[in-house]
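For reference, the structure discussed in these notes is given below.
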There are 2 protein chains.
Amino acid sequence: MNGVPRSQQSKDAKKSAPLTRDAEATRSSILDSAEDEFAANGLLGARTEAIAAKTGVTKAMIYYYFQSKEQLYEAVLERAFLRRLQIAQSINLAAMSPDQALERCLRELLIDVSKNKNLSAIFFYEAVQNKGKYYNKFGAMSLYGVLAGILEQGVAKGNFRQLDPMHTAVNIVGASVFYFCTRENIKHLWAGKNLLSSDMVEWHIKEAIELIMNGVRASDG
Amino acid sequence: MNGVPRSQQSKDAKKSAPLTRDAEATRSSILDSAEDEFAANGLLGARTEAIAAKTGVTKAMIYYYFQSKEQLYEAVLERAFLRRLQIAQSINLAAMSPDQALERCLRELLIDVSKNKNLSAIFFYEAVQNKGKYYNKFGAMSLYGVLAGILEQGVAKGNFRQLDPMHTAVNIVGASVFYFCTRENIKHLWAGKNLLSSDMVEWHIKEAIELIMNGVRASDG
DNA sequence: GTCTATAACCTGATAGAC
DNA sequence: GTCTATCAGGTTATAGAC
């Protein structure tokens with residue numbers, strides 16, 4: 001993540017101890033590098049050599065800590081999965097109207113996706129390349145359950161129109177993350193602009209929220 | 001595509017000619033198999049051996065017809081690209097109101113995506129794995145230009161609310177295709193159901209269209 | 001805990017017979 | 001046009017020194 005090879009680090013090296021022997025730090029560094037690599041290339045395409053190089057350790061370390069590429073991948077996926085779920089769960093939804101809750105949830109999701117481009121790519125690869133094999137180990141309800149819950153309440157209270165909560169939750173996430181996932185294909189649509197600049201990201205967030213909020217609201221709102 | 005190894009075919013084999021020597025048919029068969037393989041694994045992950053096996057020919061044939069895996073990939077991408085664009089262009093948009101045009105366009109897109117699951121996966125891989133390198137060779141405006149045009153007209157005529165046509169076009173496609181792309185991850189949300197059954201697909205199409213049409217329409221419609 | 005070296009395997013691509 | 005064989009390069013994973 002920081003690009004500094006561990007072999008060149010000197011951080012609090014106790015006297016003449018061999019350069020940086022910090023198991024927890026190494027493990028965590030490997031996870032960071034692995035997340036980048038898996039996001040770019042998927043489980044199959046990821047190269048352990050590349051992960052080792054980014055971390056600044058040798059390939060052997062990968063296997064020392066994670067036994068296999070597959071187990072490293074599972075560790076990355078679990079960490080990513082829990083991180084995104086926690087964002088949704090950290091919001092006190094009960095205290096808000098369905099309208100407020102949905103908009104708040106959406107904004108948090110969009111900000112998270114814009115900051116953490118890796119997750120969307122990893123989840124996509126997981127779905128297409130691995131057919132959800134690992135995703136479904138954690139599965140449960142994840143973000144979709146939270147969104148569907150809000151939508152269901154909104155329909156019951158009359159804030160939202162008649163809609164299917166689960167289908168709509170999935171379509172909402174699609175409208176939110178597609179821009180980031182497919183950005184390298186669609187960059188020519190905004191020639192000269194950087195799609196990840198804060199201007200463009202804020203614009204996308206605004207447009208996505210407006211599309212979705214108008215899309216679910218009851219017409220007599 | 002049909003699973004019958006060419007070596008076992010006997011279709012109109014002229015007398016004692018060596019089993020099926022039909023350049024155009026072989027070329028086309030390879031393209032079909034390649035599309036499946038690239039959709040499942042991307043350019044990097046696709047195996048020429050797998051494409052050859054699916055087609056029922058040997059690996060050497062791939063190189064005889066397409067010189068390299070990369071050129072085969074480009075051929076697949078170009079065919080897929082043109083196919084999708086033609087669907088959008090085959091509609092006589094000028095004759096419809098923005099409302100009708102958008103709904104018609106959406107329905108065609110959703111039906112195409114549901115029938116041709118390969119395209120969405122290929123385009124995704126292309127964006128994430130190849131960073132749009134090949135996509136942008138054809139690029140131009142594609143489907144997004146058509147959608148953005150409809151949206152722009154709708155805003156001008158007052159049918160649609162104030163919105164940015166291009167951002168909204170991208171978000172609309174996202175809401176439409178995400179369900180199919182990520183189906184292997186989200187299948188547990190509808191336990192026991194097949195997400196590609198006609199019931200579920202029709203349900204998704206209905207929900208997606210309602211979300212989007214309500215999302216863009218002016219509130220005083 | 002970290003490194004070097006290498007085993008065992010897989011894959012894209014080509015040569016050459018038919 | 002199609003097949004069989006094979007090479008050259010690259011990848012995961014492990015053994016063993018430090």
Side-chain angles (χ1 to χ4, degrees), chain A residues 4-31 33-34 37-38 40-76, chain B residues 4-31 33-34 37-38 40-76 129-130:
Chain A
V4 179
R6 284 173 55 67
S7 344
Q8 291 167 26
Q9 290 177 353
S10 59
K11 160 201 173 195
D12 74 349
K14 287 179 187 171
K15 255 199 173 164
S16 60
L19 290 165
T20 58
R21 276 169 179 261
D22 183 339
E24 211 38 61
T26 302
R27 218 190 110 96
S28 177
S29 285
I30 293 175
L31 275 175
S33 305
E37 178 71 7
F38 285 128
N41 302 311
L43 169 57
L44 199 131
R47 298 295 168 233
T48 55
E49 176 62 48
I51 295 171
K54 269 184 222 169
T55 312
V57 297
T58 59
K59 251 191 305 184
M61 284 290 88
I62 308 282
Y63 294 92
Y64 175 76
Y65 282 102
F66 296 95
Q67 290 74 54
S68 69
K69 187 164 98 162
E70 194 180 346
Q71 285 181 62
L72 171 58
Y73 176 73
E74 285 192 56
V76 166
Chain B
V4 179
R6 284 174 54 69
S7 346
Q8 291 168 26
Q9 291 176 354
S10 60
K11 160 200 172 195
D12 74 349
K14 287 181 188 169
K15 258 204 172 161
S16 60
L19 288 166
T20 59
R21 275 169 181 261
D22 184 340
E24 213 37 61
T26 303
R27 219 190 109 96
S28 176
S29 285
I30 293 175
L31 274 175
S33 305
E37 177 72 6
F38 285 128
N41 301 310
L43 169 57
L44 199 130
R47 299 294 166 234
T48 55
E49 176 62 50
I51 295 171
K54 268 184 222 169
T55 313
V57 298
T58 60
K59 248 192 306 183
M61 283 289 90
I62 309 282
Y63 293 92
Y64 176 76
Y65 282 103
F66 295 95
Q67 290 73 55
S68 70
K69 188 166 97 163
E70 194 179 346
Q71 285 181 63
L72 172 58
Y73 176 72
E74 286 193 56
V76 166
Q129 203 167 50
N130 306 328

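Only heavy atoms go into these numbers, but all of them, side chains included; no hydrogens, no water, no symmetry mates. Quick note on labels: first sequence line is chain A, next is B, and so on, each numbered from 1. Note that the structure is a prediction, hence the values are computed from the model and not measured.
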Within less than 4.0 Å of OP1 or OP2 of C:dT4, is there a side-chain N or O belonging to A:T58?
-> no
Within the pair A:Y63 and D:dT14, is there a side-chain N or O less than 4.0 Å away from OP1 or OP2?
-> no
pair B:L72-B:T48: side-chain heavy atoms closer than 4.5 Å = no
Interatomic distance where OH belongs to A:Y64 and C1' belongs to D:dG16 [whole Å] = 15 Å
Of A:M61, A:R27, A:E74, the residue whose pairing with A:F66 passes side chain to side chain contact (heavy atoms under 4.5 Å, CB included) | A:R27
Nearest-Å distance for atom pair CZ/P, residues A:F66 and C:dG1 = 13 Å
Spacing of A:Q67 atom CD relative to D:dT12 atom C1', expressed in whole Å | 14 Å
Please report, rounded to the nearest Å, how far the P atom of C:dG12 is from the CD atom of B:Q71.
-> 15 Å
B:Y65 OH to C:dA13 C1': how many Å, rounded?
-> 18 Å
Classify every nucleotide of nucleotides 5-11 of chain D by which part a protein heavy atom approaches to under 4.0 Å, writing B for the base, S for the sugar-phosphate alone and - for neither, in 5'-to-3' order.
-> ------S
Heavy-atom closest pair, residues B:T58 and B:A52 = C-CB, 3.6 Å
Atom-pair distance (CZ on B:R27; P on D:dT2), nearest Å | 13 Å
Do the side chain of B:K69 and the main chain of B:A46 share a donor and acceptor less than 3.5 angstrom apart?
-> yes
So, is A:S68 close to the D:dT12 phosphate, meaning a side-chain N or O under 4.0 Å from OP1 or OP2?
-> no
Whole-Å gap separating P (D:dC3) and CD1 (B:I30) = 10 Å
Over 12 non-hydrogen atoms of neighbours within 6.0 angstrom of CD in B:Q67 = yes
Rounded distance (Å) that lies between atom C1' of D:dT4 and atom CD1 of B:I62 | 16 Å
What does the inter-axis angle of the helix from C:dG1-D:dC18 to C:dC18-D:dG1 come out as, five pairs per end, nearest 10 degrees?
-> 0°
Correct closest heavy-atom pair for A:K59 and A:Y63 would be O-CD1, 3.3 Å
Main-chain N/O of A:A25 paired to A:S29 side chain as donor or acceptor, under 3.5 Å | yes
Between A:E37 and A:R47, is a salt bridge (Lys or Arg N to Asp or Glu O under 4.0 Å) present by the stated rule, with each step listed?
-> CA-CA 8 Å; A:E37 178 71 7; A:R47 298 295 168 233; over 6 Å; no
Of all the heavy-atom pairs spanning B:I30 and B:I51, show the shortest one and how long it is.
-> O-CG2, 4.1 Å
